[in-house]
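Report on the following structure.
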Amino acid sequence: MLDIKFIRDNQEAVKKAITDKNIDLDLDHLLDVDQRRRSLLTELESLQATKNQVSKEIPKLSPEDKKVKLLEMKEVDAKSDELKTQLKEVLKEYEDLMAITPNIPSPETPIGKNDEGNVPWSYWSPQLGQVDPKDTDKIAQIPTKFDFEPKDHITLGKELDLIDTEAGVKTSGFRGYYLKNEAVLLHYALIWHAIKKMQEKSFNLFTTPVLVRDFALFGSGHFPFGKDEIYQIGNPGKLSDNDTRENQYLAGTSEPSLLAYHADKILDEKDLPIKMCGISPCFRSEVGSYGKDTKGIYRIHEFMKVEQVVICKADILESDKWLESMREIAQEMLMDLKLPHRVLNICTGDMGAGKYKMYDIETWMPARKNYGETHSDSNLTDWQARRLNIRYRDHEGKTKYAYTLNNTVIASPRILIAILENYQQKDGSIVIPEVLRPLVGKDVIKKQ
RNA sequence: GGAAGCGUCGCAUAGUGGUCUAGUGCACACGCUUGGAAAGCGUGCAACCUGUCAAAGGGUUCGAGGGUUCGAAUCCCUCCGCUUCCGCCA
C-alpha cells in the first residue's frame with residue numbers, strides 16, 4: 001500500500017511503476033475515485049456536524065421551533081443516507097484499487113517485462129569465488145565439471161532410495177513426493193544448519209502458524225495478487241453459505257506470519273531493527289505452472305523453509321544495507337554448502353507489486369544445465385507495513401511506518417536437487433557437503 | 001459441540017442516553033529544574049477529512065455494520081474478533 005497523499009503528489013512516478021511492473025491499473029481512475037471519496041466524506045461529515053449542532057440546541061427550543069427543526073432533520077437524514085450508500089460503493093472500489101497500487105521500484109532496478117529482463121549481479125563458485133557478471137570466460141567455468149555423464153536428481157534419488165515421487169503422487173496427487181533415508185537426514189540437517197546460523201546472527205527464532213487468516217496474506221501482499229497460489233481451507237464445520245466466519249489459508253512461506261506478529265503495533269525505535277527467523281512448512285498450489293517442471297522435486301506443493309525477515313526504521317539507506325546483509329546470509333549458506341550460484345537483480349516486470357528492490361539467488365543444477373531459483377531477497381520499504389499497520393515511534397516521538405524485508409535462508413527439498421546433482425560421483429554415490437557431515441553422520445551416500 | 005463474558009487515542013483503565021469538547025495512570029517527546037541524572041513541575045502526544053508553504057482553526061471517528069432516539073461509547077439486532085469454563089481430542 002502506498003500513501004494516497006504520496007500518490008497524489010507523485011502521479012508520474014506511480015504511473016511509471018504501474019507500467020514498468022505490468023499492473024492492470026488506471027491511476028487516473030484511482031485518483032478520480034479518491035476525489036469522489038473525499039468529497040463524499042466532506043459532505044457527509046458536514047451533514048453530521050449540522051445534526052450534532054441541532055441535537056445540542058433541541059432541548060433549549062420552544063415546542064414550535066422544535067417541530068420545525070425536526071422536520072429539517074428528516075431531510076438531512078434522507079440526504080445523509082443517500083450519501084452513505086454512495087460512499088460505501090466508492091470506498092470498496094477505492095480499497096480495491098489501493099490494494100493493487102504498486103510500490104515504486106528502486107533506481108538500481110532494471111526495467112523489464114518478465115524474467116528475461118533480470119540482470120546477473122554476481123556469480124560465485126567454490127573454485128573461483130566471487131565472479132564479476134561481465135567476466136564471461138570465468139562465468140563459463142562456474143558450472144560443476146564431471147568426467148562422466150551426470151545423472152539428474154530423479155535418477156539419483158531412485159537409485160540411492162532417497163526420493164520416491166511415484167509413491168508421493170499415489171498418496172498425495174500430482175507433485176507429491178516422499179523423501180527417504182539420507183535425504184531425510186540431509187533435509188533436516190540443512191534446516192538445522194540454517195537455524196543455528198540465524199541464531200548466531202542474533203535473529204529471533206520462530207516456528208510460525210502456517211494456517212493463517214486473510215489479513216496476514218493481504219498484509220504481506222500475497223493477496224490479492226497471488227490468491228490462486230494459496231490453498232484455502234475454508235471453515236471446517238461451516239454449516240451454510242450464510243456462515244461468514246473467516247476463511248483460513250495455508251501460507252506459502254512464514255513471511256506473512258512473521259510480519260503479522262507485529263501487526264497493529266507501535267514499536268519503539270530503540271527496538272529496531274527486529275530480526276526474525278521463521279521455520280515452517282510451505283504450501284503452494286502452483287496453479288499457474290501446470291506444465292512446468294513436472295518431474296522431480298523442483299516444483300512441489302509442500303516443502304520446508306527457513307525464512308529471514310527484518311523490520312527496520314523508515315530509511316532507504318538502512319533498508320538497502322539490510323537487503324545486502326540478508327543476501328550475504330543466503331549466499332553464506334550456499335558457500336557453506338560449496339554450491340555454485342549467481343545473484344540476479346530482478347527487473348520491474350518480475351518483482352511483484354510491493355517490492356522496492358529484489359534479488360533472486362539461483363543455484364547451479366547440473367541436470368537442468370542451468371541455475372534454478374533457491375532464494376529470493378526483497379525490500380518492500382513501507383508497502384507491507386502500511387497494509388499491516390506496523391509503525392514505530394521515532395526519536396522525536398513521531399509515529400512512522402516501518403520498512404520490511406525478507407529473504408530465504410534455505411528451502412528444502414528444492415536445494416537437495418543442487419546437492420545431489422553437484423555432489424554426485426562417477427560410481428553413483430553422493431558425497432555429503434562437509435558442513436552437514438556431523439549432522440548426517442556419514443560422508444557419502446552409497447548404493448546399498 | 002455447550003455456556004458465559006469482553007472489544008474505549010501505544011499499554012492499562014474510567015465512563016450504562018445530553019454535563020464526553022472521551023477522564024485518569026503509565027510509556028513516549030520537548031522544556032524548566034540539576035554539576036549530571038532521577039524525582040518533581042509544565043507542555044505536547046491517535047487516525048482521517050478540510051485548510052495551509054507550514055500551521056492555527058473547523059469537522060468525523062469509542063471492533064464493523066444496521067436499528068431505536070431530536071441526541072448513542074452507553075439501549076437493541078447482525079457480524080467480526082478475543083477470553084474463560086465444560087465436553088471431545090493429538
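To find a chain, count down the sequence lines: A is the first, B the second, and so on, and within it residues start at 1. Values below: every heavy atom of this structure, side chains too, minus hydrogens, waters and symmetry copies.
- Counting heavy atoms from C-beta on, the side chains of Pro105(A) and Lys355(A) never come closer than 4.5 Å.
- Between U61(B) and G2(B), the two C1' atoms lie 38 Å apart (nearest whole Å).
- In this structure, the side-chain contact (heavy atoms from CB on, under 4.5 Å) partners of Arg393(A), at least two apart in sequence or on a different chain, are Ile266(A), Thr399(A).
- For His375(A), there are no side-chain hydrogen bond (donor to acceptor under 3.5 Å, both in side chains) partners, not counting sequence neighbours.
- One P atom belongs to A56(B), the other to G44(B), and the distance between them is 12 Å to the nearest Å.
- Applying the side-chain contact (heavy atoms from CB on, under 4.5 Å) criterion to Ser172(A), with sequence neighbours excluded, gives Glu302(A).
- The pairing partner recorded for G81(B) is C6(B), the criterion being a Watson-Crick or G-U wobble arrangement whose two distances lie under 3.5 angstrom.
- Taking the C1' atoms as reference points, U68(B) lies 35 Å from G57(B), given to the whole Å.
- Legend: residues meeting side-chain hydrogen bond (donor to acceptor under 3.5 Å, both in side chains) with Lys227(A), ordered by chain and number and at least two apart, are absent.
- Atom P of A39(B) sits at a distance of 41 Å from the matching atom of U50(B), rounded to the whole Å.
- Residue-to-nucleotide proximity on RNA chain B shows that, of Lys265(A) and Asp394(A), the 5′-proximal contact is made by Lys265(A).
- The nearest whole Å value for the distance from the CG atom in Asp268(A) to the C1' atom in A27(B) is 9 Å.
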How does each nucleotide of nucleotides 46-61 of chain B score, in 5' to 3' order, for protein heavy atoms under 4.0 Å: base (B), sugar-phosphate only (S), or none (-)?
-SSBS--------BS-
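- For Asn406(A), the side-chain hydrogen bond (donor to acceptor under 3.5 Å, both in side chains) criterion is met by Glu255(A), not counting sequence neighbours.
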